[in-house]
Amino acid sequence: MFDFLIFSFTISGIYALMALGLNLQAGYSGLLNFGHIAFAAIGAYATGIAMTAGYPAIIGAALGVCVAMLLGWVIARLGRQLGSDYWGIATLAIAEILRTVATNEDWLTGGAQGISAIPSLFESLPRPWNALAFLSLVLITLVIAALLCRRLGNGRFGRALRLMREEPQLAACMGYNLRSLKSRAIMAGAAITAIAGSLYAHYMSFVGPDYLLASETFLLWTMLMIGGMGNTLGVIVGVALVQTAYSVVPFAKDYFNFGSDVSGALRLGLIGLILLVCLLWRSQGLVPEKLRKMP
């Protein structure tokens, strides 16, 4: 039970980092990024490749952040001639292209088998101290990222992003460079998400093409919609609620003695029910965004 709780908290912290990265783009900026999981996969693959080549973990994490930010810059430039909905479809296509590349380039990514035997950051420590140390690292990283996101959201940059989201023409008339705002929002979210992907690779000791599945991005979107987009606390609440639903199902499986297929369907159904209730009851999420009102 203790190991299961440590695992659940660790995975929740990593997904919270990914969701915070998406919130910078979707919550504050209103950007429909349906390929967000690609940033996490880049961080994970960079870590796996660097560790396989014998480089330290910090090099892999830094490489992942740099490549993810570069991809974010490219994606932002891609949206110059596209509407928001078509731009969202384009981001999904980019993630699928990267998944295809990861599946076929065996020399770099390990192909469909992925990269395994990625060492943990605290493997020299005895159990359960290694797991507790990794959990502490994840939580410290999450707290720092949450404080930075909150500061960005409440500052001038966050107000500019919200203005771009609500009234883009007004933002342009006030002298804001919309392309620059979009680029910085995507690149900041990409950096946080790449760090989460790097931590995930170390924790699971593996990275493969399954990290790039579109369902992972939509899971992050679900967390944001349940908790409240544009609100750092809402993101954390949404992640906690979804991960709690994921964790409860195995206990129900053992208690009612049903199969794994039913367990998977129950998990999806439970999360779908939570999302539906939130959309009908609190359409802006459990912790909605608080906007300043003009006096």
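The minimum heavy-atom distance between A16 and I236, with the atom names listed, is CB-CD1, 4.1 Å. Here the closest non-hydrogen pair linking G35 and T217 is C-OG1, 4.0 Å. A pairwise comparison of heavy atoms in I6 and A131 identifies CG2-CB, 3.7 Å as the closest pair. For F157 against A185, the heavy-atom pair with the smallest separation is CZ-N, 4.0 Å. Across all non-hydrogen atoms, the minimal contact from G72 to M187 is C-CG, 4.2 Å. Between L17 and A145, the shortest heavy-atom contact is CD2-CB, 3.6 Å.
With sequence neighbours excluded, the residues that form a salt bridge (Lys or Arg N to Asp or Glu O under 4.0 Å) with E96 are R99.
Linking Ile, Leu, Val, Met, Phe, Trp and Tyr whenever their side-chain heavy atoms come within less than 4.5 Å puts M204 and Y45 in one cluster. Put simply, L279 and L32 are part of the same group of oily side chains (I, L, V, M, F, W, Y) that touch within less than 4.5 Å, one to the next. Residues V237 and L275 fall within the same hydrophobic cluster, defined by Ile, Leu, Val, Met, Phe, Trp and Tyr side chains chained together at heavy-atom separations under 4.5 Å. In terms of hydrophobic clustering, with Ile, Leu, Val, Met, Phe, Trp and Tyr side chains grouped at heavy-atom distances under 4.5 Å, L152 and V143 are assigned to different clusters. L98 and L213 fall into different hydrophobic clusters, where Ile, Leu, Val, Met, Phe, Trp and Tyr residues are linked whenever their side-chain heavy atoms come under 4.5 Å apart, directly or through other members.
Looking at Y55 and L63, their side chains never come closer than 4.5 Å, going by heavy atoms from C-beta outward. For the pair W129 and S124, the minimum side-chain heavy-atom distance is 4.5 Å or more. Counting heavy atoms from C-beta outward, Y203 and L121 have side chains that stay 4.5 Å or more apart. Using a 4.5 Å heavy-atom cutoff, the side chains of F122 and L137 are in contact. Residues I186 and W73 are not in side-chain contact: their nearest non-hydrogen atoms beyond the backbone lie 4.5 Å or more apart. For the pair L286 and C278, the minimum side-chain heavy-atom distance is below 4.5 Å. In this structure, R162 and E289 have side chains that are in contact, with non-hydrogen atoms separated by less than 4.5 Å. A heavy-atom distance below 4.5 Å is found between the side chains of I94 and L71.
Rounding to the nearest 0.5 Å gives a distance of 10.0 Å between CG of L92 and CD1 of I97. Rounding to the nearest 0.5 Å gives a distance of 14.5 Å between CZ of R165 and NZ of K182. The structure places CD1 of I59 at 14.5 Å from CD1 of I49, a figure rounded to the nearest 0.5 Å. We find the CD-OG distance between Q243 and S8 to be 7.5 Å, quoted to the nearest 0.5 Å. The CD1 atom of I37 sits 5.0 Å away from atom CE of M18, with the distance rounded to the nearest 0.5 Å. Rounding to the nearest 0.5 Å places CG of L142 at 15.0 Å from OH of Y15.
Although no hydrogens or angles enter the test, the distance criterion places a donor-acceptor pair under 3.5 Å between the side chain of S29 and the main chain of L24. Remark: the backbone N or O of E123 is not paired with any side-chain donor or acceptor of N130 at under 3.5 angstrom. Y211 places a side-chain N or O within 3.5 Å of a backbone atom of F206 that can act as its donor or acceptor partner. Using a distance-only test at 3.5 Å, with no hydrogens or angles considered, no donor-acceptor pair links the side chain of S205 to the main chain of A117. Between the side chain of T109 and the backbone N or O of A102 there is at least one donor-acceptor pair closer than 3.5 Å. Without hydrogens or angle criteria, R77 side chain to S183 main chain gives no donor-acceptor distance under 3.5 Å.
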Compile the donor-acceptor pairs under 3.5 Å between side chains in residues 188-202 and protein atoms, sequence neighbours left out, one pair per line.
residue : atom : partner : partner atom : Å
T193    : OG1  : H36     : NE2          : 2.8
T193    : OG1  : G189    : O            : 2.7
S198    : OG   : T47     : OG1          : 2.6
H202    : ND1  : P119    : O            : 2.9

Is there a side-chain contact (heavy atoms from CB on, under 4.5 Å) between L163 and L170? Walk through the geometry before answering. CA-CA 8 Å; L163 181 61; L170 177 60; 3.9 Å; yes
Full working for side-chain contact (heavy atoms from CB on, under 4.5 Å) between M164 and Y176: CA-CA 8 Å; M164 179 183 69; Y176 288 110; over 6 Å; no
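Crowding of R151 atom CZ: a count of heavy atoms from other residues, nucleotides or ligands under 6.0 Å not exceeding 12. In the displayed structure, Q113 atom CD is contacted under 6.0 Å by at most 12 heavy atoms of other residues, nucleotides or ligands. Within a 6.0 Å sphere centred on CE of M225, other residues, nucleotides and ligands contribute 12 heavy atoms or fewer. For F4, the CZ atom sits in a packed shell: over 12 heavy atoms of surrounding residues, nucleotides or ligands are nearer than 6.0 Å. Other residues, nucleotides and ligands contribute at most 12 non-hydrogen atoms within 6.0 Å of the CZ atom of F9. Sparse packing is recorded around CD1 of I58, with 12 or fewer heavy atoms of other residues, nucleotides or ligands lying under 6.0 Å away.
Under the side chain to side chain contact (heavy atoms under 4.5 Å, CB included) rule, L20 has a single partner from T232, V239, L224, L220, which is T232.
Aromatic rings of F34 and W221 (six-membered ring for Trp) have centroids within the 6.0 Å cut-off, being under it.
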